[in-house]
Structure formats: structure tokens, C-alpha cells
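First listed ligand is number 1; within each ligand, the first listed atom is number 1.
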Amino acid sequence: MYDVERIRGDFPILAREVNGKPLVYLDNGASAQKPQVVIDAVTKTYAEEYANVHRGLHFLSNLATDKYEATRGIVARFMGVADEDEIVFNSGTTEGINTVAYSWAAPRLQAGDEIVLSIMEHHANIVPWHFLRERQGVVIKWVDVAPDGSLDPQAVIDAMGPKTKIVAVTHMSNVLGTVVDVASICTAARERGIATLIDGSQAAVHMPVNVDAIGCDFYAITGHKLYGPSGSGAIFMKKHRQEEMQPFMGGGDMIKEVHRDEVSYNDPPMKFEAGTPGIVQMIGLGVALEYMMGLGMEAIAEHERNIAQYAAQRLSGCNWLQVQGNASGKGAIFSFTLDGAAHAHDISTILDKKGVAVRAGHHCAGPLMDHLKLNATCRASFGLYNTQSEVDVLIEALELARDLFQ
Ligand code: PLP
């Protein structure tokens, strides 16, 4: 049984007040709060178990290495990956996607080759491809979303042509909450010999993810949204794609030997992990993912489905609000604007006075904002510890904003 009140007790920050009101934290899409077990793991590592990893032959280095490397197996299990060498650690999705762009795409894509993106991508899954457009003449093909915010997999498949080399799409929109049928897209791409990158930054937080079943080449996750430390993350890279890749960053750990006139590289995943990594962050991420799997990813998804349904129903009762995107199966992420001239920033400031934390702005999704003809929205994004009564507090605070601005 999913006991949300007990779960809330695991997150010390949820007990605090903001502006004299109990905190209602609805900015999980930007970053999630951390359970005590993660905070404890970080503290304990620094206090008792810290040293650099891999290179040392002393007790603490071996201990830190064991704990750090244990996270690789945990991430693999979390993502449904059998071979943990296909998991490359990094600082988050931005680094993961840049690694694919620099290590896989840049050396092989020629002028005129195509990259297919949906218009609801986060800038982390746009700007690295713009670099290739600007620097190498690669063409970006954009696939629109339907008016309800859904992404028709067939539209993505139709955009794949003889020059398409990679399709890079989000599994879940950070603005609309739309969940994309990435498995169908990956199947079609595989049949055509096209590589696939899935941005799992949002999806992996809210639902069980099985990379094997999805059948993609690359799947990126980011630790700070997964209740883990900021600066932690990982990307699944299929073995045969790793073999096609040149390392992007050079430095310690990613090499076998370095001499004056020659260098040889370590085997993956180390080949793609140059320099001293986020040791403590990655240990904390392992604890966070164990925590989530302990609650059960299906149980978390079920809890959030209930919240999403309730929030959708309450928000649809506010006819002075425009909610963006109502695709079926959408997750618990709601972007909205208010009738009249009230700017999203002003609304979020009023909500903040009531202790309600939401995000306002373009949400790093410029092409989607252009498509919606909006400069900014307010976004309430729910996590595993949110409750229906917090939806009620959000609505009350929004009513206050409406009264002030109308
Ligand atoms: N992709 C999506 C869909 C996101 O929501 C985010 C973060 O907001 C990112 C990528 C970038 O993640 P990070 O900033 O952790 O690298």
C-alpha cells in the first residue's frame, strides 16, 4: 500500500514552511527533493568513506570505488539494461546528449544528413544538434505535435528519410506531460538503420522504464530529478553504438596508455568518463534509485496517475485558466496560463506567497513555446510525495491570483 504520508516523512524539506505557509513543492519537473537516505549517504561518504575512485590502492579508494561502481548496476537495473557496461555515468542529461552529439554524430554526419526532432524537445536535446547544423551543415527536421499535445509516432516515422541518421525525441514532455510512444519510433528507426536517442529526463521519474523493450540506442536520465544529487546522471549506450563512437572528453580514467606520440583508450564505459567523476553524487544517485525501486515504480506511477487525474479535473473546472496539452495518458505535469495580462512570473510570485512552488518561463522549450504562441507558462509538476490536498492548495492560490489580476 502506497502510504504517501509516510513517504513524505522521508523528505525532511517537505516539513518546512515558505512565507509562513506549509511548503507545497510542485516544481519537481525542474528538480526533485531528496529523501533522508540520500542526504545520509552523501554525508556519510564525505564524513567516513571519501577518496578518489579507480586509481587508488588504499582502503578508502577501494571502498569509494566499490560504492561508486555499485551505482552502475543499480542504474542498469532501474533502466532494464542487462549489461552494465552500457551505462555511462555523467552529470546529467545535458552531458549525456552532448556526448552522443560530439562522440557519435559529429564524426559521422555530413552536410545534408538529417536529424529528426520533435518540437517539444528540451533545449538539451536541441542545442547540441544546432551545433551540428551550424558547424557541419546537418539538417534538423522538426515534427509538430497535435493540438492536444500528443506526438503521433507515425509523424516521426514519416519524417525519417534516406538522409536521416538519428532520431532524438523525448519520452515525456517537460512542459505538456505528454508521454511519447518511443518504442514504435525506435522499431521503425531500427528497420531503417537510423540511430535513436531518447531523452528520459522526465519519463524515468514517473514510470517504469525498460530500455530493452523500448529498443533505443541511447537513453539519457538525470539524477537530480530522480530524487538524487544534482550533478549525477547516466546514459544508456548500446554496445555497437559505443564501438562506433570516438571519445569526446580526454583526460584521466578514459585512457589505457598515454605516450608522447600515441594514446590508447580504456574500454567503455570508462572510455566516455574522463576525469574525476561526481563520486559522491553518483553514490547518492544509487541510493535514490534504490529508494524509488523500493517504493515500486509501478506504485509511484499509479499514485501520480491519481494525482494527475485529480489535478486535470480541478484545473478544467477553472475556466479562467488555459491548460496546455491534454493528450491521453499524459503525466502529472501541467502548464497553464491565466486569462488576461497576468504574466506567468507574476502568477508564480503570488503562488509563492502561499507556499506553492511552481516554475514560470519557457521551460527550456523554445520551439514548443513558438508553436503554442506563448512566451511563458506556469508549470505545476508533481512527484511521488505530492497529495491531492496539495492540488487543492494550488487551486486556492490560483483563485487568489485570478482575483488580483482580474
Ligand atoms: N530534457 C528534459 C525533458 C528536461 O526536462 C531536462 C531538465 O529540465 C533536461 C533534458 C536537462 O536536464 P539536465 O539539466 O539535468 O541536464
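Looking at His122, Arg359, His171, Met120 and measuring to atom 9 (C) of ligand 1, the nearest heavy atom belongs to His122. One option in Ile126, Thr93, Asp199 has a heavy atom closer to atom 2 (C) of ligand 1 than any other, and that option is Asp199. For atom 5 (O) of ligand 1, the nearest non-hydrogen atom from the set His224, Met172, Gln202 comes from Gln202.
Residues Tyr291 and Phe11 bring their aromatic ring centres within 6.0 Å.
Taking each heavy atom of Val145 and Leu151 in turn, the nearest pair found is CG1-CD1, 4.3 Å.
Heavy-atom neighbours of Arg6 CZ from other residues, nucleotides or ligands within 6.0 Å: above the threshold of 12.
Against a heavy-atom cut-off of under 4.0 Å, Thr222 is close to the following atoms of ligand 1: 13 (P), 15 (O), 16 (O).
A side-chain donor-acceptor contact under 3.5 Å links Glu86 to the backbone of Lys239.
Heavy atoms of Lys225 found under 4.0 angstrom from ligand 1 belong exclusively to the side chain.
Looking at atom 13 (P) of ligand 1, its nearest protein heavy atom turns out to be Thr94 OG1, 3.5 Å.
None of Val180, Asp181, Val167, Val182 except one satisfies the side chain to side chain contact (heavy atoms under 4.5 Å, CB included) rule with Val156; the exception is Val167.
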